[in-house]
Amino acid sequence: MRAVLFEQFGTRPLVAQVPDPVCPSGGVLIEVRSTGLCRSDWHGWMGHDDGIELPHVPGHELAGVIAEVGPSVTGWQVGERVTVPFVCACGECATCRRGDGQVCERQSQPGFTHWGSFAELVAIDRAEVNLVLLPDHMSFDVAASLGCRFATAYRAVAQLGRPEPADWLAVHGCGGVGLSAVMIAAAHGARVVAVDISPDALHLAREAGAAETILATERTDVPAAIMEITAGGARVSIDALGSVQTCRNSILSLGTRGRHVQVGLLLGSDLDPPIPMSRVISHELELYGTHGLAAQSYPALLSEIEAGVLAPHKLMARSIDLTGACDALMRMGQQPGVGITMIHP
(Lines give C-alpha, C1' and ligand atoms only; values in the text may rest on other atoms or scores of the structure.)
Protein backbone atom coordinates (compact mmCIF):
# COMPACT_ATOMS: atom_id res chain seq x y z
CA MET A 1 0.00 0.00 0.00
CA ARG A 2 0.97 3.68 -0.29
CA ALA A 3 1.59 5.54 2.93
CA VAL A 4 3.33 8.59 4.41
CA LEU A 5 6.45 7.24 6.12
CA PHE A 6 9.22 8.82 8.16
CA GLU A 7 12.34 6.97 9.28
CA GLN A 8 13.74 9.59 11.68
CA PHE A 9 11.98 12.13 13.86
CA GLY A 10 11.87 15.60 12.40
CA THR A 11 13.12 14.54 8.97
CA ARG A 12 11.11 14.88 5.79
CA PRO A 13 8.45 12.16 5.43
CA LEU A 14 7.96 10.50 2.07
CA VAL A 15 5.14 8.70 0.29
CA ALA A 16 6.34 5.11 0.01
CA GLN A 17 5.14 1.63 -0.89
CA VAL A 18 5.00 -0.31 2.37
CA PRO A 19 3.59 -3.72 3.35
CA ASP A 20 -0.13 -3.90 4.04
CA PRO A 21 -0.92 -4.16 7.75
CA VAL A 22 -1.94 -7.55 9.10
CA CYS A 23 -5.56 -7.85 10.14
CA PRO A 24 -5.77 -8.58 13.89
CA SER A 25 -7.72 -11.67 14.91
CA GLY A 26 -10.11 -9.52 16.92
CA GLY A 27 -9.95 -6.51 14.67
CA VAL A 28 -10.35 -5.23 11.14
CA LEU A 29 -8.51 -3.59 8.29
CA ILE A 30 -10.06 -0.33 7.20
CA GLU A 31 -9.65 1.10 3.71
CA VAL A 32 -9.02 4.74 4.57
CA ARG A 33 -11.22 7.15 2.64
CA SER A 34 -10.41 10.27 4.65
CA THR A 35 -8.05 11.19 7.48
CA GLY A 36 -7.42 14.46 9.29
CA LEU A 37 -4.14 16.31 9.74
CA CYS A 38 -3.80 17.22 13.42
CA ARG A 39 -1.18 18.96 15.54
CA SER A 40 -0.83 15.69 17.47
CA ASP A 41 0.52 14.15 14.25
CA TRP A 42 3.15 16.88 14.18
CA HIS A 43 4.08 16.14 17.81
CA GLY A 44 4.53 12.47 16.89
CA TRP A 45 6.68 13.33 13.85
CA MET A 46 8.84 15.57 16.05
CA GLY A 47 9.45 12.72 18.51
CA HIS A 48 7.49 14.20 21.41
CA ASP A 49 5.74 10.86 21.98
CA ASP A 50 8.03 8.27 23.56
CA GLY A 51 5.94 5.32 22.34
CA ILE A 52 6.54 5.70 18.60
CA GLU A 53 8.85 3.16 16.98
CA LEU A 54 10.60 3.96 13.71
CA PRO A 55 9.98 3.76 10.81
CA HIS A 56 6.48 5.08 11.30
CA VAL A 57 3.24 5.98 9.49
CA PRO A 58 1.29 8.78 11.26
CA GLY A 59 -2.43 9.50 11.27
CA HIS A 60 -5.14 8.98 13.89
CA GLU A 61 -8.31 10.74 12.66
CA LEU A 62 -9.88 8.40 10.14
CA ALA A 63 -12.97 7.07 8.43
CA GLY A 64 -13.37 4.44 5.77
CA VAL A 65 -14.75 1.08 4.75
CA ILE A 66 -14.02 -2.28 6.39
CA ALA A 67 -11.78 -4.19 3.98
CA GLU A 68 -11.10 -7.31 6.07
CA VAL A 69 -12.54 -8.78 9.28
CA GLY A 70 -10.55 -10.88 11.74
CA PRO A 71 -11.72 -14.46 12.42
CA SER A 72 -12.86 -13.76 16.00
CA VAL A 73 -14.90 -10.66 15.16
CA THR A 74 -18.68 -10.85 15.23
CA GLY A 75 -21.14 -8.13 14.36
CA TRP A 76 -19.04 -6.39 11.69
CA GLN A 77 -18.84 -7.06 7.95
CA VAL A 78 -16.66 -6.13 5.00
CA GLY A 79 -18.02 -3.04 3.28
CA GLU A 80 -19.46 -1.30 6.35
CA ARG A 81 -18.66 2.41 6.73
CA VAL A 82 -16.94 3.15 10.02
CA THR A 83 -14.85 5.50 12.09
CA VAL A 84 -12.95 4.99 15.36
CA PRO A 85 -11.96 7.09 18.37
CA PHE A 86 -8.29 8.04 18.35
CA VAL A 87 -7.96 6.22 21.69
CA CYS A 88 -8.84 2.58 21.08
CA ALA A 89 -9.88 0.71 24.20
CA CYS A 90 -9.25 -2.84 25.35
CA GLY A 91 -12.80 -3.26 26.65
CA GLU A 92 -11.62 -5.41 29.56
CA CYS A 93 -9.74 -3.31 32.13
CA ALA A 94 -11.45 -1.76 35.16
CA THR A 95 -11.47 1.65 33.46
CA CYS A 96 -13.20 0.29 30.36
CA ARG A 97 -15.72 -1.63 32.46
CA ARG A 98 -16.89 1.61 34.05
CA GLY A 99 -17.33 3.16 30.59
CA ASP A 100 -14.19 5.29 30.35
CA GLY A 101 -12.50 3.75 27.33
CA GLN A 102 -10.97 7.10 26.37
CA VAL A 103 -8.49 6.58 29.24
CA CYS A 104 -8.20 2.79 28.89
CA GLU A 105 -5.33 1.32 30.89
CA ARG A 106 -4.19 -0.73 27.86
CA GLN A 107 -5.16 1.66 25.10
CA SER A 108 -3.79 1.70 21.58
CA GLN A 109 -3.68 4.68 19.26
CA PRO A 110 -3.33 4.45 15.48
CA GLY A 111 -0.52 6.71 14.37
CA PHE A 112 1.24 6.38 17.73
CA THR A 113 1.31 2.85 19.19
CA HIS A 114 1.15 1.38 15.68
CA TRP A 115 1.06 2.56 12.06
CA GLY A 116 -1.71 5.02 11.39
CA SER A 117 -4.09 6.31 8.76
CA PHE A 118 -1.89 8.39 6.43
CA ALA A 119 -2.13 5.30 4.28
CA GLU A 120 -4.48 3.30 2.12
CA LEU A 121 -5.14 0.77 4.91
CA VAL A 122 -5.02 0.86 8.72
CA ALA A 123 -5.42 -1.95 11.26
CA ILE A 124 -7.75 -1.51 14.24
CA ASP A 125 -7.79 -4.12 17.01
CA ARG A 126 -10.71 -5.01 19.32
CA ALA A 127 -13.26 -4.06 16.70
CA GLU A 128 -16.28 -4.79 18.86
CA VAL A 129 -15.45 -2.02 21.36
CA ASN A 130 -13.83 0.51 19.01
CA LEU A 131 -15.69 0.64 15.69
CA VAL A 132 -18.42 3.23 15.21
CA LEU A 133 -20.94 2.66 12.41
CA LEU A 134 -21.52 5.75 10.29
CA PRO A 135 -24.93 7.04 9.24
CA ASP A 136 -25.48 6.24 5.56
CA HIS A 137 -25.44 9.86 4.40
CA MET A 138 -22.53 11.11 6.55
CA SER A 139 -19.46 11.90 4.46
CA PHE A 140 -16.11 10.30 5.23
CA ASP A 141 -14.60 13.77 5.65
CA VAL A 142 -17.09 14.70 8.37
CA ALA A 143 -16.64 11.34 10.10
CA ALA A 144 -12.84 11.56 10.03
CA SER A 145 -12.89 15.12 11.34
CA LEU A 146 -14.53 13.86 14.54
CA GLY A 147 -11.77 11.43 15.50
CA CYS A 148 -9.59 13.65 17.65
CA ARG A 149 -10.39 17.34 17.64
CA PHE A 150 -14.17 17.46 17.38
CA ALA A 151 -14.80 14.42 19.58
CA THR A 152 -12.36 15.67 22.22
CA ALA A 153 -14.00 19.11 22.14
CA TYR A 154 -17.42 17.46 22.47
CA ARG A 155 -16.38 15.68 25.65
CA ALA A 156 -14.67 18.84 26.96
CA VAL A 157 -17.80 20.95 26.48
CA ALA A 158 -20.77 18.61 26.79
CA GLN A 159 -19.53 16.07 29.33
CA LEU A 160 -16.99 17.98 31.45
CA GLY A 161 -17.62 21.72 31.03
CA ARG A 162 -21.41 21.29 31.05
CA PRO A 163 -22.40 24.92 30.42
CA GLU A 164 -26.01 25.87 30.99
CA PRO A 165 -27.80 27.98 28.36
CA ALA A 166 -26.53 31.59 28.47
CA ASP A 167 -23.45 30.64 30.53
CA TRP A 168 -20.23 32.30 29.38
CA LEU A 169 -17.63 29.86 28.06
CA ALA A 170 -14.11 30.93 27.07
CA VAL A 171 -11.99 29.11 24.48
CA HIS A 172 -8.26 29.85 24.49
CA GLY A 173 -6.80 28.94 21.10
CA CYS A 174 -8.87 28.64 17.92
CA GLY A 175 -7.17 25.88 15.98
CA GLY A 176 -9.14 22.77 15.01
CA VAL A 177 -10.06 21.69 18.53
CA GLY A 178 -10.71 25.25 19.70
CA LEU A 179 -13.05 26.03 16.79
CA SER A 180 -14.81 22.73 17.45
CA ALA A 181 -15.30 23.74 21.09
CA VAL A 182 -16.66 27.12 20.01
CA MET A 183 -19.20 25.48 17.69
CA ILE A 184 -20.31 22.87 20.21
CA ALA A 185 -20.62 25.34 23.09
CA ALA A 186 -22.59 27.84 21.01
CA ALA A 187 -24.89 25.08 19.74
CA HIS A 188 -25.56 24.07 23.35
CA GLY A 189 -26.64 27.60 24.20
CA ALA A 190 -23.47 29.00 25.79
CA ARG A 191 -22.18 32.50 25.08
CA VAL A 192 -18.65 31.98 23.82
CA VAL A 193 -15.59 34.21 24.14
CA ALA A 194 -12.89 33.05 21.69
CA VAL A 195 -9.23 34.00 22.18
CA ASP A 196 -6.43 33.70 19.64
CA ILE A 197 -3.45 35.58 18.19
CA SER A 198 -4.77 35.23 14.62
CA PRO A 199 -7.48 37.54 13.23
CA ASP A 200 -8.31 34.86 10.64
CA ALA A 201 -8.85 32.26 13.37
CA LEU A 202 -11.10 34.67 15.26
CA HIS A 203 -13.09 35.32 12.09
CA LEU A 204 -13.75 31.58 11.84
CA ALA A 205 -14.64 31.52 15.54
CA ARG A 206 -17.29 34.15 14.91
CA GLU A 207 -18.67 32.07 12.06
CA ALA A 208 -18.70 29.03 14.37
CA GLY A 209 -20.81 30.89 16.90
CA ALA A 210 -18.55 32.97 19.17
CA ALA A 211 -20.36 35.94 20.67
CA GLU A 212 -17.14 37.81 21.51
CA THR A 213 -13.52 37.52 20.41
CA ILE A 214 -10.23 38.67 21.91
CA LEU A 215 -7.12 39.21 19.82
CA ALA A 216 -4.44 38.28 22.35
CA THR A 217 -1.76 40.38 20.63
CA GLU A 218 -3.84 43.50 21.42
CA ARG A 219 -5.36 42.56 24.78
CA THR A 220 -2.36 41.10 26.60
CA ASP A 221 -4.23 40.71 29.91
CA VAL A 222 -6.64 38.09 28.60
CA PRO A 223 -8.20 37.15 31.97
CA ALA A 224 -9.00 40.80 32.68
CA ALA A 225 -10.60 41.15 29.24
CA ILE A 226 -12.75 38.08 29.83
CA MET A 227 -13.71 39.29 33.31
CA GLU A 228 -14.86 42.54 31.71
CA ILE A 229 -16.84 40.90 28.90
CA THR A 230 -18.52 38.34 31.18
CA ALA A 231 -19.09 40.71 34.16
CA GLY A 232 -17.27 38.51 36.63
CA GLY A 233 -15.74 35.54 34.84
CA ALA A 234 -16.66 32.60 32.63
CA ARG A 235 -18.56 29.59 33.93
CA VAL A 236 -16.37 27.30 31.81
CA SER A 237 -12.95 27.95 30.28
CA ILE A 238 -11.07 25.67 27.89
CA ASP A 239 -7.36 25.72 27.09
CA ALA A 240 -7.47 24.40 23.54
CA LEU A 241 -3.85 25.28 22.75
CA GLY A 242 -1.69 23.92 25.55
CA SER A 243 0.90 26.29 27.04
CA VAL A 244 1.83 27.73 30.41
CA GLN A 245 0.21 31.03 29.43
CA THR A 246 -3.06 29.68 28.01
CA CYS A 247 -3.48 27.25 30.91
CA ARG A 248 -3.00 30.06 33.43
CA ASN A 249 -5.21 32.45 31.48
CA SER A 250 -7.96 29.87 31.32
CA ILE A 251 -8.00 29.31 35.07
CA LEU A 252 -7.82 33.03 35.86
CA SER A 253 -10.69 33.71 33.43
CA LEU A 254 -13.17 31.79 35.58
CA GLY A 255 -15.73 33.15 37.98
CA THR A 256 -16.58 31.42 41.24
CA ARG A 257 -17.30 27.68 41.02
CA GLY A 258 -16.12 27.70 37.41
CA ARG A 259 -14.68 24.76 35.47
CA HIS A 260 -11.35 24.70 33.61
CA VAL A 261 -10.90 21.96 31.00
CA GLN A 262 -7.39 21.26 29.71
CA VAL A 263 -7.57 20.03 26.12
CA GLY A 264 -4.31 21.26 24.56
CA LEU A 265 -1.24 19.11 25.16
CA LEU A 266 1.47 20.58 27.39
CA LEU A 267 4.93 19.54 26.26
CA GLY A 268 8.60 20.34 26.74
CA SER A 269 9.18 23.22 29.13
CA ASP A 270 5.38 23.63 29.45
CA LEU A 271 4.88 20.06 30.64
CA ASP A 272 4.14 20.94 34.28
CA PRO A 273 2.83 24.52 34.38
CA PRO A 274 2.48 26.41 37.66
CA ILE A 275 -1.19 26.48 38.60
CA PRO A 276 -2.69 29.54 40.37
CA MET A 277 -3.89 27.31 43.18
CA SER A 278 -4.86 30.19 45.45
CA ARG A 279 -7.52 31.13 42.86
CA VAL A 280 -8.61 27.48 42.58
CA ILE A 281 -9.15 27.38 46.35
CA SER A 282 -10.71 30.81 46.86
CA HIS A 283 -13.12 30.39 43.92
CA GLU A 284 -13.75 26.66 44.44
CA LEU A 285 -12.79 25.94 40.83
CA GLU A 286 -12.93 22.53 39.16
CA LEU A 287 -10.01 21.44 36.96
CA TYR A 288 -10.45 18.71 34.34
CA GLY A 289 -8.25 17.03 31.78
CA THR A 290 -9.75 15.37 28.74
CA HIS A 291 -8.37 12.68 26.46
CA GLY A 292 -10.84 12.00 23.69
CA LEU A 293 -14.30 10.44 23.52
CA ALA A 294 -15.11 6.77 24.10
CA ALA A 295 -16.75 4.86 21.24
CA GLN A 296 -19.99 4.34 23.18
CA SER A 297 -20.38 8.12 23.48
CA TYR A 298 -20.35 8.68 19.71
CA PRO A 299 -24.10 8.11 19.09
CA ALA A 300 -25.02 11.33 20.93
CA LEU A 301 -22.47 13.27 18.89
CA LEU A 302 -23.56 11.70 15.60
CA SER A 303 -27.21 12.41 16.34
CA GLU A 304 -26.48 16.10 16.87
CA ILE A 305 -24.67 16.22 13.54
CA GLU A 306 -27.51 14.40 11.76
CA ALA A 307 -30.02 16.82 13.28
CA GLY A 308 -28.00 19.80 12.03
CA VAL A 309 -27.26 21.05 15.55
CA LEU A 310 -23.54 20.65 14.88
CA ALA A 311 -21.91 21.26 11.48
CA PRO A 312 -18.26 20.11 11.56
CA HIS A 313 -18.04 20.38 7.77
CA LYS A 314 -17.99 24.18 8.19
CA LEU A 315 -14.61 23.90 9.94
CA MET A 316 -12.94 22.14 6.99
CA ALA A 317 -10.59 24.40 5.09
CA ARG A 318 -8.81 22.22 2.53
CA SER A 319 -8.28 18.72 1.10
CA ILE A 320 -4.90 17.28 0.10
CA ASP A 321 -3.41 13.97 -0.99
CA LEU A 322 -0.64 11.92 0.66
CA THR A 323 2.10 13.89 -1.09
CA GLY A 324 0.60 17.14 0.15
CA ALA A 325 0.38 15.63 3.63
CA CYS A 326 4.18 15.36 3.81
CA ASP A 327 4.61 19.10 3.33
CA ALA A 328 1.65 20.01 5.53
CA LEU A 329 2.90 17.84 8.39
CA MET A 330 6.27 19.59 8.38
CA ARG A 331 4.66 23.04 8.36
CA MET A 332 2.35 22.45 11.30
CA GLY A 333 4.80 23.62 13.94
CA GLN A 334 5.13 27.11 12.48
CA GLN A 335 2.20 27.38 10.06
CA PRO A 336 -0.67 25.24 11.35
CA GLY A 337 -3.16 26.97 9.07
CA VAL A 338 -6.71 27.96 9.86
CA GLY A 339 -9.46 25.32 9.88
CA ILE A 340 -9.18 21.57 9.40
CA THR A 341 -7.15 19.86 6.66
CA MET A 342 -8.44 16.54 5.32
CA ILE A 343 -6.22 14.00 3.56
CA HIS A 344 -7.51 11.61 0.90
CA PRO A 345 -5.09 8.66 0.48
Side-chain angles (χ1 to χ4, degrees), residues 36 38 138-139 141-143 145-216 218-219 222 225-231 233-241 246 249-250 253-255 258-261 263-264 288 290 293 297 300-318 336-342:
C38 176
M138 181 173 287
S139 74
D141 277 358
V142 166
S145 75
L146 307 180
C148 175
R149 284 163 287 199
F150 206 89
T152 299
Y154 187 82
R155 175 162 169 75
V157 173
Q159 297 184 349
L160 298 176
R162 307 184 306 280
E164 297 290 334
D167 277 350
W168 282 104
L169 182 146
V171 176
H172 302 259
C174 294
V177 70
L179 289 172
S180 300
V182 169
M183 176 180 286
I184 294 161
H188 285 210
R191 293 177 290 174
V192 180
V193 183
V195 185
D196 204 277
I197 61 172
S198 165
D200 290 340
L202 293 179
H203 174 74
L204 283 180
R206 285 275 190 182
E207 291 187 342
E212 300 285 347
T213 58
I214 297 172
L215 185 63
E218 293 181 351
R219 298 291 299 272
V222 170
I226 292 175
M227 286 288 176
E228 178 184 335
I229 289 169
T230 62
R235 182 62 173 163
V236 181
S237 190
I238 294 173
D239 177 7
L241 176 66
T246 51
N249 284 350
S250 178
S253 298
L254 291 167
R259 304 182 188 98
H260 161 78
V261 186
V263 176
Y288 291 95
T290 186
L293 187 72
S297 295
L301 170 57
L302 296 178
S303 68
E304 290 192 35
I305 295 170
E306 286 190 278
V309 175
L310 299 175
H313 68 276
K314 293 183 178 180
L315 303 180
M316 296 177 196
R318 65 197 65 82
V338 176
I340 296 175
T341 298
M342 305 309 299

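Along the sequence shown, residues carry numbers from 1. Because the structure is predicted, anything quoted here is derived from the model rather than measured.
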A.B. asks: Please walk me through it: do Glu304 and His188 pass side chain to side chain contact (heavy atoms under 4.5 Å, CB included)?
C.D. replies: CA-CA 10 Å; Glu304 290 192 35; His188 285 210; 2.9 Å; yes
A.B. asks: Between Arg206 and Ala211, is there a donor-acceptor pair closer than 3.5 Å when you use the side chain of the first and the backbone of the second?
C.D. replies: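 Between the backbone of Ala211 and the side chain of Arg206 there is a qualifying donor-acceptor contact (under 3.5 Å).
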A.B. asks: Hey, what do you get for CD (Glu207) to CG (Leu204), rounding to the nearest 0.5 Å?
C.D. replies: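 The CG atom of Leu204 is 5.5 Å from CD of Glu207, to the nearest 0.5 Å.
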A.B. asks: Ignoring hydrogens, what is the shortest heavy-atom contact between Val192 and Ala185? Give both atom names and the distance.
C.D. replies: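 Val192 and Ala185 have their closest heavy atoms at CG2-CB, 3.7 Å.
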A.B. asks: I need the minimum non-hydrogen distance between Gly178 and Ala240, along with the two atoms involved.
C.D. replies: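 Nearest pair, atom of Gly178 first, then Ala240: CA-CB, 3.6 Å.
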A.B. asks: Indicate the atoms forming the closest heavy-atom contact of Gly176 with Ile340, along with that distance.
C.D. replies: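 Of all heavy-atom pairs spanning Gly176 and Ile340, the closest is CA-CG1, 4.3 Å.
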A.B. asks: Can a donor-acceptor pair be found, under 3.5 Å and without considering hydrogens, that links the side chain of Asp167 to the backbone of Glu164?
C.D. replies: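 Yes, because the side chain of Asp167 sits within donor-acceptor range (under 3.5 Å) of the backbone of Glu164.
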A.B. asks: Hey, are the side chains of Leu146 and Pro312 touching, using non-hydrogen atoms and a 4.5 Å cut-off?
C.D. replies: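 Contact flag for Leu146/Pro312 side chains = yes.
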A.B. asks: Begin with the C-alpha distance, continue with both residues' side-chain angles, and end with the deciding distance and a verdict on side chain to side chain contact (heavy atoms under 4.5 Å, CB included) for Met316 and Val142.
C.D. replies: CA-CA 9 Å; Met316 296 177 196; Val142 166; 3.8 Å; yes
A.B. asks: For Arg318 and Thr341, does a side-chain donor sit closer than 3.5 Å to a side-chain acceptor?
C.D. replies: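 Per modelled atom types, Arg318 and Thr341 side chains form a pair under 3.5 Å.
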A.B. asks: For Arg149, is there any backbone N or O sitting under 3.5 Å from a side-chain donor or acceptor partner on Thr152?
C.D. replies: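 No, the answer is negative, given that no donor and acceptor are paired below the 3.5 Å cut-off.
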A.B. asks: Heavy atoms, side chains only, cut-off 4.5 Å: are Arg259 and Leu160 in contact?
C.D. replies: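 Side chain of Arg259 against side chain of Leu160, heavy atoms only: no contact under 4.5 Å found.
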A.B. asks: Determine yes or no for a side-chain-to-main-chain donor-acceptor pair under 3.5 angstrom, with Ser250 supplying the side chain and Thr246 the backbone.
C.D. replies: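 Judged by distance alone, no pair lies under 3.5 Å.
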A.B. asks: Please give me the minimum heavy-atom distance between Leu202 and Ala194, naming the atom from each residue.
C.D. replies: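 Closest pair (atom of Leu202, atom of Ala194, distance): CD2-O, 3.6 Å.
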A.B. asks: I want to check something: taking the side chain as every heavy atom from C-beta on, are Ser253 and His172 in contact at a cut-off of under 4.5 Å?
C.D. replies: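 Side chain of Ser253 against side chain of His172, heavy atoms only: contact under 4.5 Å found.
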A.B. asks: Can you check whether Gln159 reaches Leu293 side chain to side chain, under 4.5 Å on heavy atoms?
C.D. replies: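 SC-SC contact between Gln159 and Leu293 confirmed.
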A.B. asks: Does Ile214 reach the side chain of Asp196, with side-chain heavy atoms less than 4.5 Å apart?
C.D. replies: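 Contact flag for Ile214/Asp196 side chains = no.
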A.B. asks: State the CD1-NE2 distance between Ile305 and His313, to the nearest 0.5 angstrom.
C.D. replies: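 Output value for this atom pair is 10.5 Å.
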A.B. asks: Kindly compute the distance separating CZ (Arg235) from CH2 (Trp168), expressed to the nearest 0.5 Å.
C.D. replies: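 One finds 15.5 Å between CZ of Arg235 and CH2 of Trp168.
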A.B. asks: List the steps, then state whether side chain to side chain contact (heavy atoms under 4.5 Å, CB included) holds for Lys314 with Met183.
C.D. replies: CA-CA 10 Å; Lys314 293 183 178 180; Met183 176 180 286; 4.2 Å; yes
A.B. asks: Could you go step by step and tell me if Leu315 and Ser180 meet the side chain to side chain contact (heavy atoms under 4.5 Å, CB included) rule?
C.D. replies: CA-CA 8 Å; Leu315 303 180; Ser180 300; 3.6 Å; yes
A.B. asks: Please tell me if the side chains of Phe150 and Ile184 come closer than 4.5 Å, counting only heavy atoms from C-beta onward.
C.D. replies: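 Yes, side chains in contact.
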A.B. asks: So, Asp239 side chain and Gly264 main chain: donor-acceptor pair closer than 3.5 Å or not?
C.D. replies: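 No; zero donor-acceptor contacts below 3.5 Å.
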A.B. asks: Taking all heavy atoms of Ala216 and all of Ile197, pick out the closest pair and write down the distance.
C.D. replies: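 In this case the closest contact between Ala216 and Ile197 is CB-CG2, 4.0 Å.
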A.B. asks: Got Asn249 and Val195 here, is their nearest side-chain heavy-atom distance under 4.5 Å?
C.D. replies: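 Sidechains of Val195 and Asn249: no contact.
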A.B. asks: Check Leu179 against Cys174 and note the closest heavy-atom contact, atom names and distance.
C.D. replies: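 Closest heavy-atom pair between Leu179 and Cys174: CG-O, 3.5 Å.
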A.B. asks: A side-chain contact here means heavy atoms from C-beta on lying under 4.5 Å apart; do Leu310 and Leu301 qualify?
C.D. replies: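 When only atoms from C-beta onward are counted, Leu301 and Leu310 do touch, with a gap below 4.5 Å.
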